[in-house]
Amino acid sequence: MMRPLLRLSLSMLMALSVPALADVPNESIEADASTRQVAITSSFTGTEILVFGAVSNSTQPTPEAGTYDIIVVVEGISAPVTVRMKSRVGGIWVNTQSMRFASVPSYYAIASTRPVDEIADRAVLDAHGIGFDHVRMVRTSQSRTDATDPAEMQAFRQALIGLKKDEHVYVQSDFGVSFVGRSLFRATIALPPNVPVAPLTAHVFLFKDGKLLGQYDSRVMLQREGIERYIHETAMTRPLLYGVFTVLMAAGFGLTAAFAFRRPA
């Protein structure tokens, strides 16, 4: 009689414990940017945007515990890019090879709690375009001068990333995200003066033990204002008027310089 009673007690204990485990809520993430619109004027010298958020149902005991990893990716719209390689032929430097990309992010900034390769495996990073080694770059159809060897293709890709870094439109901060509480986090993203004027998308990823738990996206608009906006709109909508205006302005500056530096007889 004791054995059936023991089995019944174990069954009742399991039945009670399963709902308790099922009631534990999953972690999720909510985030936003400190501003939704950045004005680009003739005096624009760059700015910073703050990306912040919180981990819902956090089980992290302290900010330094490292229970969660956060990756923030801010990228601009994609645009076509052609990368060319010069070689010395007959004493003259000429373009010998090229690679054309139909889609490359015009701006790409990434900040994380630690290096991204330590947070997740390559398949996950590739799937979401996280990190310079995993950013999405779509090639166009090949021509006779296009590189075809995989090593050469990788070299062109790295060269493009290097050029973007030199222009400060591709930036990375391996420890740029910090927790300020059990669930609150923040990251500061720098926008250089030459940031392409186009909408930006901020992607915020939540990881735990290499597993992606959640993602949150928000938009930041970059818009020209003042004389910068007027000149751009004129150039786009009234190219003839814009051309005449620039010629007259250049002639005016030239005459002013000539009179200013003319020596008296």
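Because only heavy atoms are used, hydrogens play no part in the values below, and waters and symmetry mates are left out as well, while side chains stay in.
Side chain of Arg182 to backbone of Ser58: a donor-acceptor contact under 3.5 angstrom is found. Although no hydrogens or angles enter the test, the distance criterion places a donor-acceptor pair under 3.5 Å between the side chain of Gln60 and the main chain of Thr67. A donor-acceptor distance shorter than 3.5 angstrom exists from the side chain of Arg114 to the backbone of Glu118, with no hydrogens or angles considered. Of the possible donor and acceptor atoms, none in the side chain of Tyr108 sits under 3.5 Å from a partner among the backbone N and O of Ile161. Formation of a donor-acceptor pair under 3.5 Å by the Arg136 side chain with backbone atoms of Ala127 is found in this model.
The NZ atom of Lys211 lies 13.0 Å from the CG atom of Asp121; values are rounded to the nearest 0.5 Å. For the atom pair CZ (Arg219) and CG (Asp32), the distance works out to 13.0 Å, reported to the nearest 0.5 Å. Rounded to the nearest 0.5 angstrom, Ile189 CD1 and Leu200 CG are separated by 10.5 Å. Expressed to the nearest 0.5 Å, how far CD of Gln37 lies from CG of Leu222 amounts to 9.0 Å. Here the straight-line distance linking atom CD of Glu48 with atom CG of Leu191 works out to 8.5 Å at 0.5 Å rounding. Note that the CG atom of Leu213 and the CZ atom of Phe207 stand 8.5 Å from one another [nearest 0.5 Å].
Considering every non-hydrogen atom in both Leu184 and Ala54, the closest pair reads CD2-CB, 3.7 Å. When all heavy atoms of Thr35 and Val220 are compared, the closest pair comes out as O-CG2, 3.6 Å. Minimum interatomic distance between Arg157 and Val135 (heavy atoms only, all atoms of both residues): NH2-O, 2.6 Å. The minimum heavy-atom distance linking Ser218 with Ala33 is given by the pair OG-N, 4.2 Å. Listed here is the closest heavy atom pair of Gln172 and Asp174: NE2-OD1, 3.0 Å. When all heavy atoms of Pro196 and Val169 are compared, the pair lying nearest together is CD-CG1, 4.3 Å.
For Thr113 and Tyr68, the side-chain atoms include no donor-acceptor pair closer than 3.5 Å.
Side-chain atoms of Phe101 and Val83, non-hydrogen and from C-beta on, do get closer than 4.5 Å to each other. You'll find the side chain of Val74 stays beyond 4.5 Å of the side chain of Thr201, heavy atoms only. The shortest side-chain heavy-atom distance between Ser112 and Ile70 does not fall under the 4.5 Å cut-off. Put simply, the side chain of Asn26 does not reach to within 4.5 Å of the side chain of Asn57, judged on heavy atoms. The closest side-chain heavy-atom distance from Val171 to Lys165 is not below 4.5 Å.
A continuous path of Ile, Leu, Val, Met, Phe, Trp and Tyr side chains, each step under 4.5 Å between heavy atoms, connects Met85 with Met137, placing both in one hydrophobic cluster. Tyr216 and Phe185 fall within the same hydrophobic cluster, defined by Ile, Leu, Val, Met, Phe, Trp and Tyr side-chain heavy atoms under 4.5 Å apart, directly or through other members.
Counting non-hydrogen atoms of neighbouring residues, nucleotides and ligands closer than 6.0 angstrom, the CD atom of Glu30 reaches no more than 12 such neighbours.
Between Asp69 and Lys208 there is no salt bridge, since none of the side-chain N atoms of the basic residue sits less than 4.0 Å from a carboxylate O of the acidic one.
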